[in-house]
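See below for the structure under consideration.
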Amino acid sequence: MGYNQNMFGLGSKRSIIREIFEYSKSRAAEIGAENVYDFSLGNPSVPAPAEVNEAIRELLDTQSSVTLHGYTSAQGDAGVRQAIADRIQARFGVDISPNLIYMTCGAAASLSICLKAVIEEGAGDECIVFAPFFTEYRVFIQNAGGTPVVSKPLPKTFQIDVADFESRINEHTKAVIVNSPNNPSGVVYSEETVKALCEVLKRKSAEYGRVIYLIADEPYRELVYSGIEVPYLMNYYDNTLVCYSYSKSLSLPGERIGYIAVSPKMEECTNIYLTVCGAGRSLGYVCAPSLFQQVIARCIDAKVNVEAYRENRDLLYDNLTAYGYECVKPDGAFYLFVKALEDDAYKFFEKAKAHEILVVPCDDFGVEGYVRIAYCTDKARILGSLPAFEALAKEYGI
Ligand code: PLP
């Protein structure tokens, strides 16, 4: 066969989330969308802030369409990168130059670029991920020529198990991906966890005499509840690359816009930035969408209504735990990570499906026996689903 079998494998095997989403659409056509409790997809349900549409209108009315729809510099418009650098400085106290910011098509592109930049193909490089993790990490790491290594979480809290993490580090470890608030658990890693993690990274880098890069995957940074702080990893570890995205923070997943920030405290930060530029070039991720670069610069302080997600979280968490389900109370993102009512999450998924509840079995996220409920939906769907969740628990005799 004269084509790439790995890519054929990726393209022909649909992800479980997509499978469920397709099923949901066909089931909705049969019994009506209001009777299908689809919690499969992490598509924001809260609209983008008004500032976004205002900025688009203003840009269309005031800028030449040649500029607005034209190419920017490969790494992104200089003014936009300056606005982002200023925001990082003001918010996190990191004195970063716009020449360490690279505009991308969202966190997926940011991660692919960073991994391509730091992993040396053929050198046996490993990248540690913390279970439960976003399933695409495996794809991005392998595509960059690395090997994913999974670190197990602490039971119940789903915080990082620092001792387990330390035991996974060896002379091949090149990078570590941290995702907080986490998809699929909704857990925010505490400052204590972050400090312990970074202490291990510093010690192990020194022991093996090589840099281990920390990649912070931050699409959910702004979606946190009860004023909880998400530690900014550049302030804890010098060799950090931040992968940021506006997909969830401004509800713009279809616009494909985000950035990479290379820590100014990193050893050889200018060379690493140039390597990021090279990786972006080699992957074809240059000149992120021009219009949305400009929109972002004008909406740098805008926020979505996080309160709506918090209400959904409370409604689901309070009721599900009252019915006897077990789950960690999420402090961020818009996912609830629920222990299946039997060992096999797929069998549980099938039983939930019989009640028209669609959740995602999480074996591929690195933790068996759990399902993910994406509560980025309207409140009516959650309210409608509650009797079905209760009936499902009763079926298990709970
Ligand atoms: N990282 C995590 C943890 C995600 O959940 C997602 C999307 O759901 C991404 C990265 C990719 O986000 P983007 O739409 O910005 O590419």
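One-based numbering, in listed order, for ligands and for the atoms of each. What's counted below: heavy atoms across the whole structure, side chains too, no hydrogens, waters or symmetry copies.
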TODO: Check whether any side-chain heavy atom of K351 sits under 4.5 Å from a side-chain heavy atom of E342, and report yes or no.
DONE: yes
TODO: Please report which non-hydrogen protein atom sits nearest to atom 6 (C) of ligand 1, along with the residue it belongs to and the distance in Å to one decimal place.
DONE: F134 CZ, 3.5 Å
TODO: Tell me which protein heavy atom sits closest to atom 1 (N) of ligand 1, plus the residue, atom name and distance to 0.1 Å.
DONE: D217 OD2, 2.6 Å
Open item on the list: Please classify the Y220 to ligand 1 contact at 4.0 Å (heavy-atom distances, strictly less than): side chain, backbone, both or neither.
Closed with: side chain
- [ ] Look up atom CD1 in I96 and atom CD1 in I84, then write down how far apart they are to the nearest 0.5 Å.
- [x] 10.0 Å
TODO: Return a yes/no value for A109: is any of its N or O atoms, backbone included, closer than 3.5 angstrom to an N or O of ligand 1?
DONE: no
- [ ] Side-chain contact test, heavy atoms from C-beta onward, threshold under 4.5 Å: evaluate it for Y246 versus P253 and give yes or no.
- [x] no
TODO: Can you sort out which atoms of ligand 1 are near N183, meaning under 4.0 Å from one of its heavy atoms?
DONE: 3 (C), 4 (C), 5 (O)
Open item on the list: At under 4.0 Å between heavy atoms, is it the side chain or the backbone of K248 that contacts ligand 1, or both, or neither?
Closed with: side chain
TODO: For E267, look at atom CD and say whether over 12 heavy atoms of other residues, nucleotides or ligands are found less than 6.0 Å away.
DONE: no
Task: More than 12 heavy atoms of other groups within 6.0 Å of E192 CD - done: no
Open item on the list: Would L111 count as a polar contact of ligand 1, with the cut-off being nitrogen or oxygen pairs under 3.5 Å?
Closed with: no
Open item on the list: Looking at ligand 1, would F133 count as a contact under a 4.0 Å heavy-atom criterion?
Closed with: no
Open item on the list: Starting from atom 16 (O) of ligand 1, what is the nearest protein heavy atom, named by residue and atom, and what distance separates them?
Closed with: R256 NH2, 2.7 Å
- [ ] For the pair Y137 and F133, name the ring-plane relationship: parallel under 30°, tilted 30 to 60°, perpendicular over 60°.
- [x] parallel
Open item on the list: Within the structure, is a non-hydrogen atom of G42 found at a distance of less than 4.0 Å from ligand 1?
Closed with: no
Task: Heavy-atom nearest neighbour in the protein, as seen from atom 12 (O) of ligand 1, with distance rounded to 0.1 Å - done: A107 CB, 3.7 Å
- [ ] Kindly confirm or rule out a cation-pi arrangement of K353 over Y23, judged by NZ or CZ under 6.0 Å from the six-membered ring centre and within 45° of its axis?
- [x] yes
TODO: State whether the side chain of R281 and the backbone N or O of V286 hold a donor-acceptor pair below 3.5 Å, judged by distance alone.
DONE: no
- [ ] Check whether any side-chain heavy atom of C127 sits under 4.5 Å from a side-chain heavy atom of I177, and report yes or no.
- [x] yes
Task: Numbered atoms and elements of ligand 1 in range of N179, under 4.0 angstrom, heavy atoms - done: 3 (C)
Task: Shortest protein contact, atom 11 (C) of ligand 1 (heavy atom only) - done: A108 N, 3.8 Å
TODO: Say whether S247, considering both its backbone and side-chain N or O atoms, lies within less than 3.5 Å of an N or O atom on ligand 1.
DONE: yes
